Amino acid sequence: MSATDLLHELRWRGLIHQCTDENALAKLLSQPQTVYIGFDPTATSLHVGSMMQLMLLRRFQRAGHRPIALVGGATGMIGDPTGKSEERNLLSEEQLQANIAGVARQMRAFLDFEGPRPALLLNNFDWMHDFSYLNFLRDVGKNFPIGAMLGKESIRSRLDSEAGLSYTEFSYMLLQAYDFVHLAQQHGCRIQAGGSDQWGNITAGIDLGRRMLGESLFGLTAPLLLTSDGKKMGKTEKGAIWLDPARTSPYAFFQYWRTVEDADVMRCIAYLTEITRDEYLELEQQVTADPGRCAAQQRLAEWLTEFVHGRQGLQSAQRATQIFFGGEIETWSDRELGEIFEDVPSVVLDRQTLEGDGLWIVEAFQKSGLTASNGEARRTIKEGGAYVNNRRVNAENQRLSPVDLAGETMMVLRRGKKKYAILRFQ
RNA sequence: GGGGGGUUGCCCGAGUGGUUAAAGGGGGCGGAUUGUAAAUCCGCUGGCUUAGCCUACAUAGGUUCGAAUCCUAUACCCCCCA
């Protein structure tokens with residue numbers, strides 16, 4: 001892929017929000033370059049908010065450039081005030097190490113660390129930790145006119161707010177700017193990309209590069225991934241959607257994308273996947289023609305789930321989906337059921353209760369927590385809203401016996417369309 | 001300090017001695033329809049071992065064959081006068 005191809009691709013995907021000197025950048029990219037994006041190691045896992053940035057690096061790498069994923073071990077100790085309304089809690093050093101290790105593992109799915117132009121994973125703590133305060137002030141600080149800093153949106157908005165801004169956070173920009181200069185010197189990295197909220201920090205680095213190295217550096221920002229009603233993508237009431245399957249099951253991950261609003265789905269495809277322009281246009285047409293089929297959502301969910309969780313992850317998500325939307329449950333193993341229903345509340349009962357006369361269905365629902373009382377359980381059954389292993393319960397005097405187990409020890413109860421509970425008999 | 005009004009189920013709100021487990025609405029829950037959307041339509045909405053029983057209309061007592069409805073006391077809320 002040539003430089004013009006890459007820029008063309010970024011443009012049709014809508015990934016270029018702002019960039020410095022576009023013509024010069026195009027020229028620069030005709031030769032293999034090194035590009036960097038910074039990531040905040042705030043947790044042991046990345047969430048979907050970082051995916052766009054990782055995909056962006058990946059696009060550069062596939063076009064023949066070398067990506068650097070920079071984890072902010074040093075900057076993470078300070079906290080970027082950009083877009084934050086309050087002073088951030090500082091992370092401990094051990095926590096940071098754990099976070100960086102976790103994040104690094106996940107990045108392997110996105111970037112090639114082996115090939116001819118391997119991606120680099122760097123930690124700015126490595127060059128910041130023995131940089132003395134005095135030297136930093138002499139070499140870096142003196143290149144920052146306070147006036148220009150105060151002019152930055154991220155600083156100004158915080159100064160105007162009640163929360164204010166500590167000196168530490170104020171200095172954050174110098175650290176990130178210096179990272180860029182350091183990478184330019186050590187790795188010949190002349191391009192920094194990031195989300196549009198990083199523009200101020202990126203240009204600070206460009207300015208510093210000119211002053212310290214007399215070199216022209218370049219910046220490129222992508223739009224933020226927001227929903228059509230202006231919220232950050234990847235957040236649910238329950239919290240962020242993580243890439244770590246232990247935090248967000250492949251099924252939950254799949255479902256998040258499967259249920260993206262029509263108004264947002266095409267943007268997600270453009271920003272987050274490598275689905276081609278031809279297919280993109282086709283999907284776009286299908287969304288307009290027949291939104292009910294959710295063709296775009298389906299494709300988005302499949303693509304991303306497979307990309308992040310592998311073929312296995314996608315399959316388990318699809319199996320779970322099939323079950324969650326009514327497929328009958330038989331011949332499953334406890335292990336599979338456990339994975340599929342991992343977010344579903346479960347109750348452990350004595351195996352004995354299934355023997356003899358068995359367990360009264362009303363009591364089973366009451367114990368599962370799906371109904372608050374036996375009366376409510378009876379009512380639900382009468383209304384046709386009670387299911388065992390996705391088969392509707394017809395009689396309120398039904399009794400459950402070992403025959404009704406779906407796995408070795410598990411039984412799946414459901415109330416209404418989506419509320420599940422697991423009974424384990426041990 | 002004096003006078004008046006109120007307190008009903010998750011919420012709002014009818015009900016002033018007898019099919020009142022309590023009208024109506026909202027919410028919630030099911031079902032149908034649908035696109036795993038929205039809207040719509042229908043049903044349910046105190047508990048239990050459910051042809052029955054128990055508990056419920058601020059709280060505690062009382063009158064009565066029978067009370068959410070009448071009486072007494074208590075608590076809380078609102079209004080008017082000083």
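Throughout, a chain's letter reflects where its sequence line sits, starting with A, and its residues are numbered from 1. Every value quoted in this text rests on a predicted model; they were computed, and no experiment measured them.
Sorted by first then second residue, the side-chain hydrogen bond (donor to acceptor under 3.5 Å, both in side chains) pairs that include residues 264-274 of chain A, not counting sequence neighbours, are A:Arg58-A:Glu274, A:Arg62-A:Glu274, A:Ser228-A:Asp264, A:Asp264-A:Arg267.
Atom CD of A:Gln297 and atom C1' of B:rA37 are 10 Å apart (whole Å). Distance, A:Lys418 NZ to B:rG31 P: 12 Å, rounded to whole Å. Taking atom CZ on A:Phe325 and atom P on B:rA37, their separation rounds to 8 Å, with Å as the unit. One interatomic measurement links the two molecules: CZ of A:Arg319 to P of B:rU36, which rounds to 21 Å at whole-angstrom precision. The CZ-C1' distance, from A:Phe365 to B:rC29, rounds to 14 Å in whole Å.
Residue-level contact check: A:Arg392 touches the backbone only, with heavy atoms under 4.0 Å from sugar-phosphate atoms and none from bases. In this structure, A:Tyr387 reaches the sugar-phosphate backbone alone: every heavy-atom distance under 4.0 Å involves primed, P, OP1 or OP2 atoms, never a base. A:Thr321 comes within 4.0 angstrom of a nucleotide base, judged by non-hydrogen atoms across all strands. The residue A:Asp262 sits close to a base: some heavy atom pair falls under 4.0 Å.
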Base-pair map of RNA chain B as dot-bracket, where | denotes pairing with a different strand and pairs are Watson-Crick or G-U under 3.5 Å: ((((((((.[[[..)..(.....]]]((((((.......))))))(((...)))...[[[[[..)....]]]]]))))))).

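Take the nearest nucleotide of RNA chain B for A:Gln255 and for A:Gly384: the residue whose nucleotide is more 5' is A:Gly384. Along RNA chain B, the nucleotide nearest to A:Gly385 and the one nearest to A:Gly292 differ in position, and the one closer to the 5' end is contacted by A:Gly385.
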Per-nt protein contacts along nucleotides 44-52 of chain B (heavy atom under 4.0 Å; B base, S backbone sugar-phosphate only, - none) come out as BS-SSSB--

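In terms of heavy atoms, A:Met128 sits closest to A:Tyr178 at SD-CD2, 3.7 Å.
Distance from the side chain of A:Lys419 is smallest for B:rG30 among the nucleotides B:rU34, B:rG30, B:rU36.
To the nearest whole angstrom, the two C1' atoms, one in B:rC44 and one in B:rA21, are 14 Å apart.
A heavy-atom distance below 4.5 Å is not found between the side chains of A:Met107 and A:Leu57.
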